Amino acid sequence: MELTFPQNAVVVVAGVPGAGKSTLIRRAVDRDGVAVVDTDDARARGRDGRGLYVRHYLRIAGAVLGGRPAVIHTRGTRAPARWAIRAMAFLRARPAHLVLIDAPREIAEAGQRDRGRAVSQTTMDAEWRRWRRLLTHGIGGERWRTVEILDRDEAATVTAFAFAPAAAAAFAAA
């Protein structure tokens, strides 16, 4: 399946730790013409620790304020973070799309363990509560152009994020 967005889109890929966000982005996004913001990229460059998330949010702002299509990795469980990305996109007249990857908790936790960087149980408990609340109550008035909820199996079938000219701007899953 290919997910198609407008050429100037900001696409946020969200889910609990271990849901498969980085895997989806790595597999389906051609980084040549797309600004990709993923914490795994910083870790791969040896940047971890306290400043990781400050730099991550600065990179998000740069990607949203830039001119290329943007794909952003975030847990997405905190409404203020989603709202900030959506607001920046709005200020730049860019359509903001939300792709939620919903994975069972035990599979997400196993994915974290397999990668050797599991979040603490306290963090996972909090993320899971916020995630379930998000899926149960929705995103309220955040006004995303589209919201796509994929389970882990559906996310595994996504072969590409395509960015089409504005004239063909309708979001489409093919």
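For clarity, every value in this text was computed on a predicted model and none was experimentally measured. Atoms considered below: every heavy atom in the structure, side chains included; atoms not considered: hydrogens, waters and symmetry mates.
In this structure, CG on Leu65 lies 8.5 Å from CG on Leu91, to the nearest 0.5 angstrom. For the atom pair Glu142 CD and Phe90 CZ, the distance stands at 14.5 Å (nearest 0.5 Å). We find the CE-CD distance between Met1 and Glu154 to be 6.0 Å, quoted to the nearest 0.5 Å. To the nearest 0.5 Å, atoms CG (Leu98) and OG1 (Thr74) are separated by 9.5 Å. Rounding to the nearest 0.5 Å places CD of Glu148 at 11.5 Å from NE2 of His97. If you take CH2 on Trp144 and CD1 on Ile85, they are separated by 5.5 Å, rounding to the nearest 0.5 Å.
Within 6.0 Å of CZ in Arg105 there are more than 12 heavy atoms belonging to other residues, nucleotides or ligands.
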Step-by-step side-chain contact (heavy atoms from CB on, under 4.5 Å) determination, Ile107 to Arg152: CA-CA 9 Å; Ile107 291 174; Arg152 207 171 150 107; 3.6 Å; yes
Audit row: Val37, Val71, side-chain contact (heavy atoms from CB on, under 4.5 Å) steps and yes/no: CA-CA 6 Å; Val37 181; Val71 175; over 6 Å; no
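Closest non-hydrogen pair, Gly33 versus Pro69, comes out as O-CD, 3.3 Å. Across every non-hydrogen atom of Phe163 and Gln7, the tightest pair is O-OE1, 3.0 Å. Nearest approach of Ile101 to Ala19, heavy atoms of both residues: CG2-O, 3.5 Å. Contact between Ala155 and Leu24 at its shortest, heavy atoms only, is O-CD1, 3.6 Å. Nearest approach of Gln112 to Gly18, heavy atoms of both residues: NE2-N, 3.3 Å. For the residue pair Pro17 and Ala108, the shortest heavy atom distance occurs at O-CB, 3.3 Å.
Follow the hydrophobic side-chain contacts under 4.5 Å out from Trp83 and you never reach Val12; the two are in separate clusters.
Using the six-membered ring where Trp is involved, Phe5 and Phe161 have ring planes that are tilted, between 30° and 60° apart.
Looking only at atom types and distance, the side chain of Thr77 has a donor-acceptor partner in the side chain of Glu127 under 3.5 Å away.
A 4.5 Å side-chain heavy-atom check between Met88 and Arg94 finds every atom pair outside the cut-off. For the pair Val147/Ile139, a side-chain contact is recorded, criterion being any heavy-atom separation below 4.5 Å from C-beta on. In this structure, the side chains of Asp102 and Leu150 stay at 4.5 Å or more apart for every pair of heavy atoms. The closest side-chain heavy-atom distance from Glu109 to Gln121 is below 4.5 Å. No side-chain heavy atom of Val10 sits under 4.5 Å from any side-chain heavy atom of Arg145. Using a 4.5 Å heavy-atom cutoff, the side chains of Thr123 and Arg75 are in contact. Residues Val158 and Glu2 form no side-chain contact, since every pair of their non-hydrogen atoms from C-beta on lies 4.5 Å or further apart. In this structure, the side chains of Arg68 and Val34 stay at 4.5 Å or more apart for every pair of heavy atoms.
Judged by the 6.0 Å and 45° rule, Arg132 forms a cation-pi pair with Trp128.
One finds no salt bridge joining Asp38 and Arg59 here, because no Lys/Arg side-chain nitrogen approaches an Asp/Glu carboxylate oxygen to under 4.0 Å.
Put simply, the side chain of Lys21 never gets that close to the backbone of Ile72: no donor and acceptor are under 3.5 Å apart. Of the possible polar contacts, one joining the Arg82 side chain to the Gly76 backbone as a donor-acceptor pair under 3.5 Å is found.
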